[in-house]
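Presented below is the structure to which this report refers.
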Amino acid sequence: MIPAETNGEKRVFLETFGFQMNESDSERILGLLKDINYVRTEEPAGADLIIINTCSVRDKAEQKVYSALGRYRGLKAENPGLIIGVSGCVAQQVGARLLKRVPYLDIVFGPQNIHKLKDLLDEVSLNRSRVAAVEQNASIDEGEYGYTEPGGSKAYVSIMRGCDNFCSYCIVPFTRGREVSRKSPEIIEEITRLAGAGVKEVILLGQNVNSYGTGGQGDISFTGLLKKVSKINGIKRIRFVTSHPKDISDELIYLFNDEPRLCRHLHLPVQSGSDGILKNMRRGYTASEYMSKVSLLKKLYPDMAITSDIIVGFPGETESDFEDTMRLIKEVRFDNIFSFMYSPRPDTKAAKFDGQLPLEVRSERLKVLQEAQREISIGRNRELLGRTVEVFIEGPSKADPSERYGRTSCNRIINFPAAGTESSLVSTGCIIDVTITEVFPNSLRGMVP
Ligand code: SAH
Ligand code: SF4
């Protein structure tokens, strides 16, 4: 018999930059690798394979990858059998040039080529070649999906890929290609499999989930898909990101009323409060159109959390444009926002616009926006004090493992003591009532009543 430690298991160290879409790609990469006997390690030293999964939506993404790769150069010198790969948006954007620039890099593969990873690894280890796979595919090969490796009781599931909106600042349509929806039966099959493996919460992912089904192989509408997902046994909570304000339908808005498993949270990025800037961003709505959707949501669902993305310092943004944005966040009172300084991205139209603003102006506006939002977020959290809410337990608290942390339906993180409560009620994946006793800007504290 082969001893356990030499049973052919190989170790992969995977580093992820970016946000949910990249986390989801990483889960797919790990799922694929598991099939060929790789286990994840938290230590790059001693790994057989290192993958950096990248994001290029903001900042100096390419630079960040070079410095990350620099950290692994020594490991490759010590162990020439080590395979190093770069995946994600930077891989797609820079392509084979990355191989030229980094001589110890073996594989470059874009987000539409994850399903080829096993073949790419074979090519490297059997033929000692260095390979780049960055072709854009017009349709979805189901092999690309369906491998999601559940990281616990919740899982991200991509329902579509790419984007056709071409907002003038955004690199996504260039790195992730045209919008294509997956076929609904395959999505349902994947979620059913995940539910069988213990997943209780799914987060459906797409750059613009509201237009699911209108492109590629989509066969039903987004609301049709949500209704089907909510019937899957074992799935207790459903979330989705990102909703585009121009495409959110009344049908979806009213579905929250009928479907208790849909979490009371909508991430609805507004980007700016100025009509002129929204037009130059090519967002397809005005500030007042956005406000009327938000007013309807707030009227129908007072307990719903609404969050947003905002870009400050877009080319040509005047003080008065910025004030429009400040006014909008104060009027909506978002539960939280992700806010960014505009950063010019290669290939995008806005990178060539007149009126690019200096860094000091962009960072000062970001500071002013974030300070105002911090107060609003604390205020919104305070409104929850004393309320008893359902919490989906995600695991032991990081700071004190005798406590638990979880998420409210409105997507707030909450910590609470678990001692004294029957352990079967406070294990990961359970939903339990918790009374909110204290609030902070980014989390809550509570107790089991
Ligand atoms: N599809 C989603 C967003 C994807 S990118 C949507 O349309 O809302 C996530 C966020 O990154 C965007 O909402 C935007 O706020 C920010 N972002 C994208 N490109 C950016 C850029 N060039 N500079 C600064 N922020 C940017
Ligand atoms: Fe980018 Fe706009 Fe598409 Fe969102 S909708 S991914 S911001 S192009």
Side-chain angles (χ1 to χ4, degrees), residues 163 165-170 206-211 222-223 239-257 262-342 350 365-366 368-384 409-412 441:
C163 183
N165 284 317
F166 287 94
C167 299
S168 62
Y169 50 81
C170 184
Q207 295 298 347
N208 177 3
V209 289
N210 311 114
S211 69
F222 181 53
T223 41
R239 300 182 188 277
F240 52 87
V241 270
T242 298
S243 293
H244 196 303
K246 79 175 163 61
D247 293 319
I248 190 161
S249 64
D250 284 352
E251 202 190 350
L252 175 61
I253 293 180
Y254 287 100
L255 190 67
F256 282 97
N257 209 19
L262 268 191
C263 288
R264 288 284 213 244
H265 171 215
L266 195 64
H267 185 61
L268 199 59
V270 64
Q271 312 297 359
S272 168
S274 149
D275 286 345
I277 296 294
L278 285 171
K279 186 155 177 270
N280 291 345
M281 286 178 162
R282 291 174 41 91
R283 287 294 286 177
Y285 52 84
T286 60
S288 63
E289 282 163 355
Y290 182 87
M291 283 306 302
S292 62
K293 303 235 166 170
V294 167
S295 308
L296 176 62
L297 283 160
K298 287 194 170 232
K299 193 171 115 214
L300 291 171
Y301 315 111
D303 60 341
M304 177 181 270
I306 300 178
T307 56
S308 204
D309 291 351
I310 291 190
I311 299 177
V312 296
F314 185 79
E317 186 187 70
T318 60
E319 249 334 297
S320 132
D321 291 321
F322 177 61
E323 278 162 22
D324 287 344
T325 300
M326 291 297 289
R327 222 180 347 263
L328 184 136
I329 67 155
K330 288 175 185 163
E331 199 177 330
V332 175
R333 299 190 75 238
F334 288 115
D335 293 80
N336 212 343
I337 60 170
F338 295 101
S339 48
F340 314 103
M341 237 191 307
Y342 168 74
R365 287 183 188 168
L366 186 64
V368 171
L369 177 85
Q370 289 180 337
E371 273 166 16
Q373 181 58 43
R374 193 183 143 88
E375 286 308 306
I376 297 170
S377 295
I378 296 184
R380 295 286 291 152
N381 282 352
R382 270 196 210 112
E383 290 166 25
L384 298 172
S409 173
C410 61
N411 209 30
R412 281 166 171 93

### Partner set under side-chain hydrogen bond (donor to acceptor under 3.5 Å, both in side chains) for T223, not counting sequence neighbours
S221, E251

### Message
Run S339 and L366 through side chain to side chain contact (heavy atoms under 4.5 Å, CB included) and show every step you take.
### Response
CA-CA 7 Å; S339 48; L366 186 64; 3.8 Å; yes

### Summary
Value for CD (E375) from CZ (R380), rounded to nearest 0.5 Å, stands at 14.5 Å

### Task
Given side chain to side chain contact (heavy atoms under 4.5 Å, CB included), test Y285 with L278 step by step and report yes or no.
CA-CA 7 Å; Y285 52 84; L278 285 171; 3.7 Å; yes

### Task
Search all heavy atoms of N257 against all heavy atoms of Y301 and return the closest pair with its distance.
N-OH, 3.2 Å

### Message
Between N165 and R282, is there a side-chain heavy-atom distance shorter than 4.5 Å?
### Response
no

### Message
Using modelled atom types and a 3.5 Å cut-off, is there a donor and acceptor pairing between side-chain atoms of E289 and backbone atoms of T286?
### Response
yes

### Query
Can you name the residues that form a salt bridge (charged side-chain N to carboxylate O under 4.0 Å, His left out) with D309, not counting sequence neighbours?
none

### Task
Could you tell me whether K298 atom NZ has more than 12 heavy atoms of other residues or ligands within 6.0 Å of it?
yes

### Query
Could you give the distance from CZ (F314) to CD (Q271), rounded to the nearest 0.5 Å?
10.0 Å

### Message
If you apply the rule side chain to side chain contact (heavy atoms under 4.5 Å, CB included), what do you find for T242 with V209, and how did you get there?
### Response
CA-CA 6 Å; T242 298; V209 289; over 6 Å; no

### Query
Taking the side chain as C-beta and beyond, is there a heavy-atom pair between L252 and N210 under 4.5 Å?
yes

### Closest non-hydrogen atom pair between S243 and L266, with its separation
OG-CD1, 3.7 Å

### Query
Out of curiosity, D275 CG to M281 CE, how far, rounded to the nearest 0.5 Å?
12.0 Å

#### Entry: Heavy-atom donor-acceptor pair, S168 side chain to N280 backbone, under 3.5 Å
yes

### G276 backbone acceptor or donor facing D321 side chain under 3.5 Å
no

### Task
Would you mind reporting whether N381 and P441 have side-chain heavy atoms less than 4.5 Å apart?
no

### Query
Can you tell if the side chain of R283 reaches within under 4.5 Å of the side chain of I277, non-hydrogen atoms only?
no

#### Entry: Close side-chain approach of L369 to I310, heavy-atom, < 4.5 Å
yes

### Query
Would you say S377's side chain and D335's backbone share a donor-acceptor pair under 3.5 angstrom?
yes

### Query
Is T325 close to V270 at the side-chain level, that is, under 4.5 Å between some pair of heavy atoms?
no

### Query
If only atom types and distance count, is the side chain of Y169 paired as donor or acceptor with the main-chain N or O of I311 below 3.5 Å?
no

### Message
Is the shortest side-chain heavy-atom distance between F338 and S308 below 4.5 Å?
### Response
no

### Task
Please report the closest heavy-atom contact between Q207 and C163, naming both atoms and the distance.
CB-CB, 4.0 Å

## Note on the structure
Smallest heavy-atom separation, K293 atom then P245 atom, equals NZ-O, 3.7 Å

#### Entry: H267 side chain to T307 side chain, donor-acceptor N/O pair below 3.5 angstrom
yes

### Task
Search all heavy atoms of Y342 against all heavy atoms of G313 and return the closest pair with its distance.
CB-O, 3.4 Å

### Query
Mind checking whether F222 and D247 have side chains closer than 4.5 Å, heavy atoms only?
no

### Task
Hey, could you give me the SG/CZ distance between C410 and R264, rounded to the nearest 0.5 Å?
10.5 Å

#### Entry: Gap between atom CD1 of I337 and atom CZ of R374 - 0.5 Å precision
13.0 Å

### Verdict with supporting geometry, H265 and R239, side chain to side chain contact (heavy atoms under 4.5 Å, CB included)
CA-CA 8 Å; H265 171 215; R239 300 182 188 277; 4.1 Å; yes

### Task
Look only at the side chain of Y290 and the backbone of G273, and say whether a donor-acceptor pair between them is shorter than 3.5 Å.
no

### Query
Quick one: salt bridge (charged side-chain N to carboxylate O under 4.0 Å, His left out) partners of R365, sequence neighbours excluded?
E317, E319

### Message
Nearest 0.5 Å, please: how far is CZ in F256 from CG in D303?
### Response
11.0 Å

